[in-house]
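Shown next, in structure tokens, is the structure this report addresses.
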Amino acid sequence: MALKVHNTASGELEEFRPAHGNRVHMYVCGPTVYDFCHIGHARSYVAFDTIRRYLEYKGYAVIYLQNFTDVDDKILKRARETGRDPREVSRFFIDAYFEDMGRLGVRRANFHPRVTDHIPEIIATVRDLVDKKHAYVADGDVFFCVTSMKDVVGRLSHQKLEDMLVGARVEPDEKKCDPIDFALWKRSKPGEPGWESPWGQGRPGWHIECSTMSTLYLGNTLDIHGGGMDLIFPHHESEIMQSEAHTGETFARYWLHNGFINVNKEKMSKSLGNFFTIREVLARYEPEVVRLFLVSTHYRSQIDFADTLLDEARTARARLRNAYDALGQARDSGDGAVGEETAKAIEASRTRFVAGMDDDFNTREAVASLFDLANFSNALLHKGGTSRGDREALLGAFRELGGVLGLLQDRPQDADIVGGLVRLLDEVRQEARARKDYATSDKIRDRLRELGVVVEDGAQGLRWKIQK
RNA sequence: GCCGAGGUGACAGAGCGGCUAAUGUGACGGACUGCAGAUCCGUUUCCUGGGGGUUCGACUCCCUCCCUCGGCACCA
């Protein structure tokens, strides 16, 4: 089955064919590191992490690149406000980024280049654009001349230049030849950090870093370029203009953009005060709950972020988790054979999973296939008479498919020392129950609960889980 | 104004030119149980925004209208 992806450039589903055989060159716009990441970042990076995982699952060798914008007005502002060095600010929030994303199971990219590590290369790109007359110098600033690449405008946004200017908030700048031109290089104001350049002390504009660094690491043509929907215009169209003016080759073959998060049906924004950092959310919900919540909606759709929906995800996640842990804890025949029904159920889930993911990464469908598997597994355990082979096959399927979504990656709670101790205590408890000494049995259960271990009497024996 | 996404059951949210329209949550009944929890079995609800068209047949394709959300030079 062929993978189809929605390409923003064509507005249609296209069969995915990377340019370099089995290798996929993938670039996703990273954050400007002036603050903690919010749930919108989580949405985007979880989406592209999942896309990357699925491509690898399909057998592609993915080279994944994500930048950090570590020089920017907002970082400078933040540094002034807190009396810190801008480099210190960006380093701090880069660390925070890795910590937060790590908790959400977002794997690191192969490369995380930073703008400040690539100033010479950026200057070289800008100089080339000036040489090729796609850019002009104006009093220490360098601007890209949009009319020199006019046909790129609208390639992603599908809008005509005239139409855009009607509702636009473009700030006039008398140094620009045309108000739609954008800065490649900005002259440093007094007191601001900057780098020496042919045009004097300055720093890169926003868009140029992505063009320069992606080309540097991944070559002139990317297979996948991703980012939030808001970046379609102007950021990504500017990238195309710069890159194609510079290299003369197609910049990216497939453009993927994730949808936004709303909060209680309203746009999330700092001014509305409905802004949540990943940290705030993770203080209330386990990472796997948040990840399940995010992958339960297609990456291009808008997601509404509301407590009722997170609570629902928590319940749903518990159902998956219970099924998974139950497999790890069930008593069975010890026979390594896999039953026919089990093999069939796993194959059905995998087929549904792959068909969904092949259809522009329909993670919702993939999640449904995981629940199919959980339902089968629960029913099988309920009936009793499972074999070790059944359990191992089902656990393997959960790990295989769950792994693509970044779920169910730790072992079921079963075989470690804690598990042994819980089983020992439960034996004592069962003896007490057998002689109807409920005071003792409940005491064991209650004390375990105080320690964060919940024990339950299942039809197939003990079930337990660690619950904070 | 322009561009994009979408309108499916109590809620969230998939799919498909004709099959009982997924999956999760909720509600109800039953099983299991000392209690609790988990689990199982069953039930519950829309025939898919309004109108028109194509078709033997459309929720699914086309047109149109209405509505919602988002973007339009800071933004994932």
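Just so it is clear, the structure is predicted and the values come from calculations on it, not from any experiment. Computed over heavy atoms, backbone and side chain alike; hydrogens, waters and symmetry mates excluded. Letters A, B, ... mirror the listed sequences (proteins, then strands); counts begin at 1.
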Does [X] have a side-chain nitrogen or oxygen under 4.0 Å from the phosphate oxygens OP1 or OP2 of [N]?
X      : N     : result
A:K267 : B:G71 : yes
A:N378 : B:C40 : yes
A:H158 : B:C3  : no
A:W206 : B:C75 : yes

Gap in Å between the two [atom1] atoms, one belonging to [N] and one to [M], rounded:
N     : M     : atom1 : answer
B:U43 : B:A22 : P     : 12 Å
B:A73 : B:C46 : P     : 46 Å
B:A27 : B:G34 : C1'   : 28 Å
B:U54 : B:C63 : P     : 15 Å
B:U48 : B:G7  : P     : 14 Å
B:G24 : B:U39 : P     : 11 Å
B:G70 : B:C75 : C1'   : 13 Å
B:C62 : B:G26 : P     : 37 Å

[X] [atom1] - [N] [atom2] separation (whole Å):
X      : N     : atom1 : atom2 : value
A:K465 : B:G37 : NZ    : C1'   : 7 Å
A:E12  : B:A5  : CD    : C1'   : 16 Å
A:H225 : B:A76 : NE2   : P     : 13 Å
A:L373 : B:G24 : CG    : P     : 12 Å
A:E237 : B:A73 : CD    : C1'   : 11 Å
A:D311 : B:G26 : CG    : P     : 11 Å
A:H235 : B:A76 : NE2   : C1'   : 11 Å
A:K176 : B:A73 : NZ    : P     : 11 Å

Please list, chain by chain and in numerical order, all residues satisfying ring-ring contact (aromatic ring centres under 6.0 Å, His included) with [X], sequence neighbours excluded.
X      : result
A:F371 : none
A:F293 : A:F305
A:Y64  : none
A:Y438 : none

Give every residue pair that meets the side chain to side chain donor-acceptor pair (under 3.5 Å) criterion with at least one member in residues 102-111 of chain A, sequence neighbours excluded.
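Pairs touching residues 102-111 of chain A that pass the test: A:E56-A:R107.
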For the side chain of [X], counting heavy atoms from C-beta on, which of [options] is nearest?
X      : options             : answer
A:R463 : B:A38, B:A76, B:U33 : B:A38
A:S441 : B:G34, B:C74, B:A76 : B:G34
A:D230 : B:A36, B:A76, B:C2  : B:A76

Identify whether any heavy atom of [X] sits under 4.0 Å from a base atom; if not, whether one sits that close to sugar-phosphate; answer base, sugar-phosphate or nothing.
X      : value
A:N262 : sugar-phosphate
A:G40  : base
A:T8   : nothing
A:M101 : nothing
A:H257 : nothing
A:I261 : base

A:R449 vs A:D446, test: salt bridge (charged side-chain N to carboxylate O under 4.0 Å, His left out). Steps then yes/no.
CA-CA 5 Å; A:R449 179 176 266 281; A:D446 293 345; 6.0 Å; no
Pairing string, 5' to 3', for RNA chain B - Watson-Crick or wobble contacts under 3.5 Å, brackets [ ] where pairs cross, | to another strand:
(((((((..(((.....[....)))((((((.......))))))....(((((..]....))))))))))))....
Under a 4.0 Å heavy-atom criterion, the protein footprint on nucleotides 11-23 of chain B, written with B, S and -, is BBSSS------BB
Please list, chain by chain and in numerical order, all residues satisfying salt bridge (Lys or Arg N to Asp or Glu O under 4.0 Å) with [X], sequence neighbours excluded.
X      : result
A:R433 : A:D457
A:R399 : none
A:K77  : A:E81

Salt bridge flag under 4.0 Å for residues A:R53 and A:D49
yes
Heavy-atom distance under 4.5 Å between the side chains of A:M213 and A:R114, does that happen here?
no
If you find the nucleotide of RNA chain B closest to A:G30 and the one closest to A:N322, which residue's nucleotide is nearer the 5' end?
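Counting from the 5' end, the first nearest nucleotide belongs to A:N322.
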First encountered from the 5' end of RNA chain B, between A:G259 and A:V454
A:V454
Walk me through it: do A:E288 and A:L408 pass the test side-chain contact (heavy atoms from CB on, under 4.5 Å)?
CA-CA 8 Å; A:E288 195 170 60; A:L408 302 176; 4.2 Å; yes
For A:T315, all residues meeting side-chain contact (heavy atoms from CB on, under 4.5 Å), sequence neighbours excluded:
none
Less than 5.5 Å between centroids and less than 30° between ring planes, does A:F182 satisfy that with B:A73?
no
Can A:F233 be said to stack with the base of B:A73, given centres closer than 5.5 angstrom and planes under 30 degrees apart?
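Aromatic stack with B:A73 absent for A:F233.
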Would you state whether a donor and an acceptor, one from the side chain of A:D457 and one from the base of B:G37, lie under 3.5 Å apart?
no
Hey, can you tell me if A:F36 and A:F93 have their rings parallel, tilted or perpendicular (30° and 60° cut-offs)?
perpendicular
Kindly determine whether A:R447 and A:E450 satisfy salt bridge (charged side-chain N to carboxylate O under 4.0 Å, His left out), including the steps that lead there.
CA-CA 5 Å; A:R447 292 292 298 277; A:E450 283 168 28; 3.8 Å; yes
Return the polar atom pairs (N/O with N/O) between nucleotides 27-31 of chain B and the protein under 3.5 Å, or none.
none

